[in-house]
Amino acid sequence: MRNKRFMSLALSITMVLSLVLFNPISAFADDAKELVILHFNDTHARVKSVEKDGVVTGVGFDRIAQYKQDLLKENPNVLMLDAGDTLHGQPIATLSQGESIVKILNLMGIDAFTPGNHDFNYGFARLQELEKMMNFPIVSANVMDKSGKEVFKPYVIKEMDGFKVGIFGLSTPETSYKTNPKNVETIDFTDTIAAAKNAVEALEKENVDVIIALSHLGLDQGDDTSDKVAEAVDGIDLVIDGHSHTTLEEGRMVKNTLIASTGEYDKAFGIVTLKIANGEVTEKSAKLMAAADTKDIVPHPDVVALLADIDSGLNEILSEKIGTSTVMLDGARENVRTKETNFGQLVADAMLDATGAEVALTNGGGIRASIEAGDITKNHIVTSFPFGNYLVTKEVKGKDIKAALEHGLSKYPEQNGGFPHVAGITFTFNTANPAGSRVSDLMVGGSPVDMEKAYLFVTNDFMAAGGDDYTMLKPYATVNEYAAFDEILVNYIKKMGTISTTLVPRMTVNETAPVTPAPEPMPEPVPVPVPQDGKVIVPEPMETMNYTVTSEMHMMELAMNHGFAWQHILVLNPEISNPMLKLKVGQVIKLPVH
């Protein structure tokens, strides 16, 4: 019996050892799991696939949805996360105030979404309405009402196959000025690091195995960025980031945290892979799937059908009449790229009206079609402004406003997408002068420009970032961000009712090169008062007045204009040491009173 028991025990041990040593899936590997996170950010409602000349340049949410379905066939542990700025930006979104985008995200099976600053562009109340339509949670741990209560879920926990994932959200405090302030006047954006610490602590108490920050903070310079959160807060395994439009091909490690970001505008989507064993993340990797590499992904048929249905439904919205024009609004390519037009002026006026800025400048290349006289519909506006650009205000010095105009006019008479259309300013455009010296007589609000003064300046986001080579605008910090061009113009035309905009030049075109004036002759030397008996002859005491010089002139000229001897000026103004020098504009001197 003992031998039998011994042989049985030996056989059992041998079997166990053989399983452990020779089975390719060992007992210790059973705990190892793989989590795949698909993610995107800053699409700005660019949800459709874009293909040109056989090359895919926009992935399309239909392809991303299908990629997820293909992954799920091999691995049940797949999440899809959206890091914000998705619900606004293109007519497909703005015409339904975001509802169409929510329908698409629902069908894709999004697991969590954190709102970006532009997701508040319809107002906080509208975002709350959209939240009720969502089959997925909005997460943000640092958006509070005025009483300090969270308005969204700070985090969500996803039960995966063999482990738990905690996902918390962070929204940029820059939203307070990177949307219209009225949109967020009832809420506050609190400290991101403190909110992240609280969320991590709460998720650790929930015994999650993976902690993900879904962040719309970005990696630009500032107090609230994702890398600063990762540096300050322990316990975050992964940050899915947005806001700065940063492209991270393989992610970025900050301490023990991997940060992933896809760039912008659906040019790529992200794939993060995490390995989890014994309740810990043991491996992390990030990569991007560029649009050009998605050509062989067959678009998800249900998403394709939904996009088609949305497009057909937009026709009714686009046919809405918003106003009437008694004149043709000139948006012809050859005109808006070479000269002022009444349409360009209307757009610039709408920009000032929406923002309260002092100066507006937009590029002619952003206007893509004319609107004939008659009824104006939303479709007219969307056709003329198809890019989804939005308004940005900055405090720009007068010298850089002039530099911007010089740049915009530098290619004349060639067609130029950067040709400037303006409001709030007037100037002379000297076409015969060389590029860089074509702008003169620049006035802001009816007064001569002060080159060192900062003016509230509005342009579109493309130019604000240096687009069309307007590099002089890029260094200035953003003061505020506003709605898209189509929304701004629709609201302005509704407000006006009837448009009868005729072209009233804001740039006076001078086609003759200015003649270089001959040097002014120096006045003949004038004897100074001759001393007599060691004393200077001084005019009798007289009543004086302060006079501000309005144009450069010699002392003798001023004296002749006012009918008294130049010596009087010299005696009354002893700080003037040389009567041969010109008096300067703005100089205050004393003059005798007759």
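What you see is a predicted model; the values in this text were computed from it and never measured.
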Exercise for the section: Give a yes or no on whether a salt bridge exists between Glu320 and Lys494, defined as a side-chain N under 4.0 angstrom from a carboxylate O. Expected result: yes
Problem - Reference residue Ser440; test side chain to side chain donor-acceptor pair (under 3.5 Å); the match among Thr508, Asn433, Asn430 - result: Asn430
Fill in the blank from the handout: Given the options Val449, Leu442, Asp441, Val444, Phe427 meets side-chain contact (heavy atoms from CB on, under 4.5 Å) only with Leu442
Practice task
Quick one: sort the His44 and His245 rings into parallel, tilted or perpendicular, breaks at 30° and 60°.
Solution key: tilted
Practice task
Indicate yes or no for a side-chain donor-acceptor contact from Glu406 to the backbone of Val439 under 3.5 Å, with no hydrogens or angles considered.
Solution key: yes
Problem - Aromatic plane relationship, Tyr412 with Phe429 - under 30° parallel, 30 to 60° tilted, over 60° perpendicular - result: perpendicular
Practice task
Apply salt bridge (charged side-chain N to carboxylate O under 4.0 Å, His left out) to Lys153 and list each qualifying residue two or more places apart in sequence or on a separate chain.
Solution key: none
Problem - Test item: Asp85 side-chain N/O and Asn41 main-chain N/O as donor-acceptor pair under 3.5 Å - result: no
Problem - Distance (rounded to the nearest 0.5 Å) between Asn491 CG and Leu489 CG - result: 9.0 Å
Exercise for the section: Answer yes or no: is there a donor N or O on one side and an acceptor on the other, between the side chain of Arg63 and the main chain of Thr294, under 3.5 Å? Expected result: yes
Exercise for the section: Look at the side chain of Asp400 and the backbone N and O of Ala403, then say whether any donor-acceptor pair between them is shorter than 3.5 Å. Expected result: no
Practice task
Answer whether the closest heavy-atom distance between the side chains of Thr94 and Tyr122 falls below 4.5 Å.
Solution key: yes
Handout entry: Salt-bridge criterion met for Glu264 and Lys267 (N-O under 4.0 Å)
Key = yes
Practice task
For the pair Glu452 and Lys397, find out whether any cationic side-chain nitrogen is under 4.0 Å from an anionic carboxylate oxygen.
Solution key: yes
Practice task
Measure the CG-OG1 distance between Leu170 and Thr225 for me, rounded to the nearest 0.5 Å.
Solution key: 11.0 Å
Problem - Pair Asp349 + Arg506, salt bridge at N-O below 4.0 Å - result: yes
Problem - Distance-minimising heavy-atom pair for Arg126 and Gln97 - result: NE-O, 3.1 Å
Handout entry: Side chain Ser49, main chain Val59, donor-acceptor under 3.5 Å
Key = yes
Exercise for the section: Would you check if the side chain of Ser384 reaches a backbone N or O of His380 as a donor-acceptor pair within less than 3.5 Å? Expected result: yes
Exercise for the section: Measure up the Phe124 and Phe152 rings against each other and bin them: parallel (under 30°), tilted (30 to 60°), perpendicular (over 60°). Expected result: perpendicular
Handout entry: Whether Phe113 and Phe136 hold their rings parallel, tilted or perpendicular, with breakpoints at 30° and 60°
Key = perpendicular
Practice task
List in chain and number order the residues that pass side-chain hydrogen bond (donor to acceptor under 3.5 Å, both in side chains) with Lys495, two or more places apart in sequence or in another chain; answer none if no residue qualifies.
Solution key: Asp353
Problem - Heavy-atom donor-acceptor pair, Asn342 side chain to Thr501 backbone, under 3.5 Å - result: yes
Problem - 4.5 Å side-chain heavy-atom contact, Thr459 and Tyr470 - result: no
Problem - Heavy-atom side-chain proximity of Glu340 to Leu503 below 4.5 angstrom - result: yes
Practice task
Calculate, to the nearest 0.5 Å, the distance between atoms OG and CG belonging to Ser261 and Leu288 respectively.
Solution key: 8.0 Å
Exercise for the section: With Arg46 as the cation and Tyr265 as the aromatic partner, state whether NZ or CZ is under 6.0 Å from the six-membered ring centre and within 45° of the axis. Expected result: yes
Handout entry: Polar side-chain atom of Lys394 near backbone of Leu473 as donor-acceptor pair, under 3.5 Å
Key = yes
Handout entry: Non-neighbouring partners of Lys178 that pass side-chain contact (heavy atoms from CB on, under 4.5 Å), sequence neighbours left out
Key = Asn117, Glu174, His243, Thr478, Glu481
